[in-house]
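This report refers to the structure that appears directly beneath it.
Proteins come first, then strands; the chains are lettered A, B, ... in the order of their sequence lines, and each starts at number 1.
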Amino acid sequence: MTEKKSTATVDKSKENLIGSLIRVTIDGREIRVPINTTILEAATLLGIKIPTLCYHKDLGLAGVCRMCVVEIEGQRVLQTSCTYPITQPLNIKTWSPEIRKARRNVLNLLLSEHYGSCVSCGRNDNCELRGLAAEYGVDDYVFGKMEQPAYEIKVDSPIVRDLNKCIGCFRCVRTCADFQDVSAIGVYGRGNEIKIATFQEWELLDSLCVACGQCATRCPTGALTERDDTDDIWKAIEDPSKHVVIQTAPAPRAAMGELFGLAPGNSVTKQLNEALHKVGFDKVFDTNFTADLTIMEEGTELLLRLKKALVEQKPVALPQLTSCSPGWIKFMEHTAPDLLDYLSTCKSPQQMFGAVIKTYYAEKNGIDPENIVSVSLMPCTAKKFEADRPEMADSGHKDVDYALTTREIARMVREMGLDLPNLQGEEFDDPLGIGSGAGLIFGATGGVMEAAIRTAYELVTGEELPFEKLRVEGVRGMEGVKTADLPITKAVPDWKFLEGATLKVMVAHGLKNARWVLEELRAGRLKDYHFVEIMCCPGGCLSGGGQPIPTSPEIRKARANAIYTEDESLPLRKSHENPVVKKIYEEFLTEGPCGHKSHKLLHTKYTPRGSRLV
Amino acid sequence: MQTLHRTGISEEIKKLAEKYGKNRTSLLPIMHELTAKYGRITDEMMQETADALGIRPIDVYSTVSFYTFFNEKTKGKYIVRLCQTISCDMDGKSKVARQLENELGIKFGETTPDGLFTLEYANCLGMCDQGPAVMINHKIFTKVTPGGVHQLLEECRKGKLDKIADMGSVRLNIIKSGPILDNKETENEGLKKALAMSRVDLIKEIRDSNLKGRGGAGFPTGVKWQIAAASKGEKKYVVCNADEGEPGTFKDRILMVEYPHRLIEGMTIASYAIGAEYGIIYLRAEYFFMKSHIEQVIEDRKSANLLGTNILGKEGFNFDVEIRMGAGAYVCGEETALIESLEGKRGEPRNRPPFPVVTGFDNYPTAVNNVETFVAASLIAAKGAEWFTEHGTEKTSGTKLMSISGDCANPGIYELPMGVTIDEMLIMAGGTGAKAVQVGGASGSCVPASQFDRKITYEDVATGGSIIIFGPNRDMLEVAKNFMEFFVEESCGQCFPCRKGNVKILEGIKLLEKGKCSTAYLSELISLGQSMQKASKCGLGQTSANAFINIIQHFGNEILARDIQE
Ligand SMILES: Cc1cc2nc3c(=O)[nH]c(=O)nc-3n(C[C@H](O)[C@H](O)[C@H](O)COP(=O)(O)O)c2cc1C
Ligand code: SF4
Ligand code: SF4
Ligand code: SF4
Ligand code: FES
């Protein structure tokens, strides 16, 4: 296995900075830092806390909220610590009457135009504005209070926009433009009239928005939240005629604990099973099962494409691009409608599960699919969009009725008064409750690729992947674009044509990197590659737009760790060994992967969106 | 999915993109061309432009919404913009406004049903010595009287607007000239001498002259050029800040109309000093009327080998200048906002450091200087540093063009040595008896009569040239209100203290007007103003509360005791 490092990356690091250290004094304490370290970073190293509001570790610097101002000796005005690069020795104070006055005035100004009640706000448990107002004791509305909303709340997509709560920090705009390179939203107008807008104020999904929700996980207030579908779920649960089932994806399980006081990096899979049973779901299933199914389908699809190319010498779209990330799919439909053939036709695990529940499961258990309410727990806001796509009804019903985010399910669990981390834990339900570790690692960037390699290698060579603990290190980690080569030295008769070939794969996460991949693809520079995994969200599903807030590079790493650790604790680590997968091909999808029935239920078509000019 | 109807404008926009370059920098020029031809920028044009420039439609939409000279909705064939800023206001703007509404039968912000006229307010048109001023499309008319409004509109109705000279009725009004304005004939002597010097010596000369930036901030020009010269970059830029938006300032207008050669000579000298090959003049949209005039000068200089390659035979010294138009945003005078604007973005000031001399236009080292700074620099190159230091104070040398307006007998341009007192200026301008003088424009400071012995220099009261005189009968609260209205409209809206602070202060002024403001609340507003001064991101927010704070300080009692009209 060889690894190549790529240039396209969203990680910004100071590691490569050379040069001498500069001595600065902050609140009387000295520290030596590399040139261009910001004052905020230096203060953090000293354990000095400076309040911030527009700053976010993942994003470019705006320097607009002015909460983080500090005094630099010899300077006329206060400076923002989040933006100020240290290039010479400085004497800095992070606390003075002037600073306190400025921060309180800023908070007072914000409160004067912030309409909405904290009691009913989806972000009341972790709103940064509310936190700072409390910290600074700003509670007297010196500059007045909004009595009427100024904006209508927009519920036109999985992302709900309530501009009455927007403080104009532009984090969302920076997320969408710089972090995701989508630019669905921007700042409109000037002065105090500015607002966050889509092009021509179109509905969010009509703009370039892919519903990734990354903006919502970085919004400091309740201005951007997920569409809350929990009321509908409660209703379904309370309706005795409904059979309510839920599938849970791996990423939420690795992060849900954060919403119940656990440090990032602690999986709560079994506790969550118990909680969901207590909430009233009739069955709790494991999305990892359809992740395994995806590997069978998508892996077979890839091998068939390879066969077509290498044996039949026919033109075929290679590399094959993964299709399990709905934000990525919409992005591709907008950005590269001409390249849709490269996408795998496989539905995402969520949608495969939905189709299986309302057909195989319904038949097997004699339940009228009409009465099944199929719910999913997902790390992702785009999954709501995906579930609502009109073509996602191959079972004859809406495949997935509701896609709920980690945050929504946490609310339901909390409403039940359950202390999640301290539950005993329960198993998944039969028959769709078995998933492999390969399915589990779908939650992290590179996971789909690693799972595919574990299976494909074994199917093609007849031998287990010869890596320590089945780890495919080359596709793990947070680098923006990762590549790996997998030489096939011998092959079983069916796949003899692959003997001697080297399987070349690429993994990208975050749409900024995805755009780069598409540009490379269009320029014909990916001809050597066979399979490319792309996840919409940086870090993969574990940092999806429905995951706990806040997010940061450290938190994402911790969640990835939790996922890989859980994988290694499982007896079953390869998709093709999943007994339920074997069974479904024996009993239901009898033509095997990519057969007729699979194609009807588990595969899909895409919509070229492209230019809006007609 | 939302779709846009294609009307066939695609080819035209692609051609414009070819002409200006297929990148975001071309956004403002393309928007100007479309506006001039079609009167508005449609959603289709935005999408097409985004496609042609390789950016997203939201980028165009968001940028267009920032500038007052771009509009999405159809406006009249003639856009009549009445200047509402302080000097024109004091010269009787509201009476002209009333008559415009009467004649057209519409209110401000509206368009006549026949689609001929749109009535709008503009902020400072730079005609403060000859207000009230009206801009109709690209032409400017000054000293407009209520009685003259009808005639003006008739000219438009008869289609005669285009036949009026570019300058409209704009006058120069140079009342007192000095070493700079008197030296018209030494053209290009500075450039020749500069090219005979080494870069190091040239910069030293400028440093020795003690020339400080004439745009208002007063940064030593020699130091700026030295840093720019030392900055590493594949390319470098010289940018002339011709945005002249500070209320009460109109001296750059005179320089660009009467001394354009001198300006471009100064830019050429700067380019030689720092090693730049490209120059850009960022000209405010309000000064459209002089664009072709300056372009002609640029062409003439190219023909005379004063621009272009191997200038004046100096092997390897190349320099070209082009004009880029602003689009109605005072904040774009702030140098980093100006650069953002040049890059085709919203005019939002950047975080500093890094400064433009290190990371400027297109991230290359960029020296941004005021028009007058370049003019002075070209004369310093011609006549030497000592010639310049003969005038002015020890720390701030030279003479400075003052734009004097307001309540005085002789408003206009005065070239005066740095260090001149306010009293001296009042005598010259026929404004004695004034109760206060605003030095430095809306963002400057309001000096009461008791301090008229103060000097105009960067060590005492600083100004980029704006001097506005308030006579004994001026209502200072109305002055403060006019200023705050200006800042509320002109704040870019980026940073929190300025975005919302100006609005709160203006609301407070309205309470004072009604006699409904408690002293406690007034002190909250002053505290807010002080935080804005300390914590805002750019010079706009750092100064916008100055006038309000000064006026409350000096005229607080008068204001609280005023008669309230119900
Ligand atoms: C809000 C604001 C508006 C400004 N407007 C102008 C302007 O119109 N013209 C100008 O030369 N400088 C203006 N400046 C100052 C510029 O930022 C900058 O300091 C100047 O162009 C530097 O040139 P100088 O050193 O030659 O003065 C403005 C500054 C601020 C904060
Ligand atoms: S959901 Fe994603 S694509 Fe949509 S506006 Fe937010 S960041 Fe942009
Ligand atoms: S919506 Fe949220 S993230 Fe975006 S500007 Fe408003 S407060 Fe900031
Ligand atoms: S001070 Fe005002 S103009 Fe300057 S960046 Fe802040 S909001 Fe914009
Ligand atoms: S956190 Fe530094 S300016 Fe907002």
Side-chain angles (χ1 to χ4, degrees), chain A residues 53-54 61-67 69 76-78 80 83-85 87 98-99 101-106 108-110 112-113 142-144 167-170 173 176-177 182-194 197-200 202-203 205-208 607 609 611-614, chain B residues 1-6 10 43-44 46-48 50-51 55-63 65-68 329 331 346-348 350-354 487-504 507 521 524-525 527-528 530-537 542:
Chain A
L53 206 43
C54 67
L61 301 171
V64 295
C65 76
R66 319 304 285 176
M67 277 303 288
V69 284
R76 184 177 51 88
V77 291
L78 303 174
T80 40
T83 64
Y84 203 97
T87 54
E98 203 75 66
I99 293 172
K101 184 161 116 182
R103 290 178 185 160
R104 287 179 59 100
N105 271 321
V106 164
N108 261 317
L109 287 174
L110 288 177
S112 75
E113 294 188 10
V142 175
F143 299 121
I167 59 169
C169 66
F170 307 160
V173 175
C176 198
V182 171
S183 286
I185 49 177
V187 186
Y188 183 86
R190 185 166 91 189
N192 201 36
E193 306 290 309
I194 56 161
T198 56
F199 180 55
Q200 301 292 338
W202 288 351
E203 292 193 354
L205 289 178
D206 278 336
S207 73
L208 297 170
T607 314
R609 294 174 201 265
S611 174
R612 281 186 282 253
L613 290 159
V614 288
Chain B
M1 193 175 72
Q2 280 273 5
T3 50
L4 294 170
H5 184 55
R6 220 188 264 275
S10 177
D43 44 9
E44 180 204 7
M46 293 187 191
Q47 175 76 52
E48 290 283 11
D51 292 346
I55 56 179
R56 313 292 144 64
I58 187 73
D59 298 330
V60 183
Y61 184 61
S62 151
T63 306
S65 74
F66 187 84
Y67 296 98
T68 52
V331 70
R346 299 163 56 81
E348 290 168 351
R350 296 177 175 176
N351 297 307
R352 306 184 321 161
F487 287 121
V488 165
E489 285 186 13
E490 297 297 342
S491 161
C492 81
Q494 185 187 184
C495 77
F496 296 6
C498 172
R499 178 200 301 164
K500 298 191 183 292
N502 290 312
V503 175
K504 293 298 165 193
E507 284 169 10
Y521 190 58
E524 288 291 353
L525 290 176
S527 147
L528 171 63
Q530 288 162 342
S531 288
M532 289 162 63
Q533 290 174 325
K534 286 281 176 190
S536 290
K537 182 165 179 174
Q542 286 164 10

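Taking a cutoff of 4.0 Å between a charged side-chain nitrogen and a carboxylate oxygen, B:E490 and A:R190 qualify as a salt bridge.
Neither the backbone nor the side chain of A:T87 comes within less than 4.5 Å of any heavy atom in chain B. Heavy-atom distances place no part of A:A177 under 4.5 Å from chain B, backbone and side chain included. In this structure, the portions of B:A329 lying under 4.5 Å from any heavy atom of chain A include both its backbone and its side chain. Neither the backbone nor the side chain of A:C54 comes within less than 4.5 Å of any heavy atom of chain B. Both the backbone and the side chain of B:E524 have a heavy atom closer than 4.5 Å to some heavy atom of chain A. Residue B:T63 does not touch chain A at all, counting heavy-atom pairs closer than 4.5 Å. When heavy atoms are compared at a cutoff of 4.5 Å, B:N502 does not approach chain A at all. Using a 4.5 Å cut-off between heavy atoms, A:I99 makes no contact with chain B at all. Using a 4.5 Å cut-off between heavy atoms, B:R352 touches chain A through its backbone atoms (N, CA, C, O) alone. The part of B:Y521 that comes within reach of chain A is its side chain, from C-beta onward, which places non-hydrogen atoms under 4.5 angstrom from that chain.
The aromatic rings of A:Y188 and B:Y61 sit tilted relative to each other, their planes meeting at an angle between 30° and 60°.
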### Task
Please report the C-alpha distance between A:M67 and B:F496 in whole Å, then the side-chain angles of each, then the deciding distance to 0.1 Å, and finally whether the side-chain contact (heavy atoms from CB on, under 4.5 Å) criterion is met.
CA-CA 9 Å; A:M67 277 303 288; B:F496 296 6; 5.9 Å; no
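Residues B:Q2 and A:Q200 are not in side-chain contact: their nearest non-hydrogen atoms beyond the backbone lie 4.5 Å or more apart. Between B:S527 and A:R104, the closest side-chain pair of non-hydrogen atoms is not below 4.5 Å. The side-chain heavy atoms of B:F66 and A:V187, taken from C-beta on, include no pair separated by under 4.5 Å. At a threshold of 4.5 Å between non-hydrogen side-chain atoms, the residues A:F199 and B:R56 do not count as touching. Considering only heavy atoms from C-beta on, B:L528 comes within 4.5 Å of A:L109 through its side chain. No side-chain heavy atom of A:Y84 sits less than 4.5 Å from a side-chain heavy atom of B:N351.
Contact tally against chain B (heavy-atom pairs below 4.5 Å) for A:R612, A:E203, A:R609, A:E193: the top residue is A:R612. Between chain A and the residues B:G501, B:S62, B:G347, B:P57, the largest count of heavy-atom pairs under 4.5 Å involves B:P57. Options A:L205, A:N108, A:L110, A:T607 differ in how many heavy-atom pairs under 4.5 Å they form with chain B, and the most are formed by A:L110. Most heavy-atom pairs under 4.5 Å with chain A: of the set B:Q533, B:R350, B:Q530, this distinction falls to B:Q530. The residue among B:H5, B:E44, B:R346, B:Q542 with the most heavy atom pairs within less than 4.5 Å of chain A is B:R346. With chain A as partner, the option from B:C498, B:P354, B:S536, B:S10 having the largest number of non-hydrogen pairs under 4.5 angstrom is B:S536.
Contact between B:K534 and A:R76 at its shortest, heavy atoms only, is NZ-O, 3.0 Å. Heavy atoms only, all atoms of each residue included: A:G189 and B:S65 are closest at N-OG, 2.7 Å. Between A:I194 and B:C492, the shortest heavy-atom distance links the atoms CG2-O, 4.2 Å. Of all heavy-atom pairs spanning A:S183 and B:I58, the tightest one is O-CG2, 3.0 Å. A:R66 approaches B:C495 most closely through the heavy-atom pair CD-CB, 3.9 Å.
Partners of B:E507 by salt bridge (Lys or Arg N to Asp or Glu O under 4.0 Å), not counting sequence neighbours, listed by chain and number: B:K504.
Judged by distance alone, with hydrogens and angles left aside, the side-chain atoms of B:K537 form no donor-acceptor pair with the main-chain N or O of A:T80 at under 3.5 Å. For B:R499 (side chain) and A:V64 (main-chain N/O), no donor-acceptor pair under 3.5 Å exists by modelled atom type.
Summarising the geometry, atom CG belonging to A:L613 is positioned 4.5 Å from atom CZ belonging to B:R6; distances are rounded to the nearest 0.5 Å.
Applying the side-chain contact (heavy atoms from CB on, under 4.5 Å) test between B:P497 and each of A:V106, A:N105, A:V69 identifies A:V106 as the sole match.
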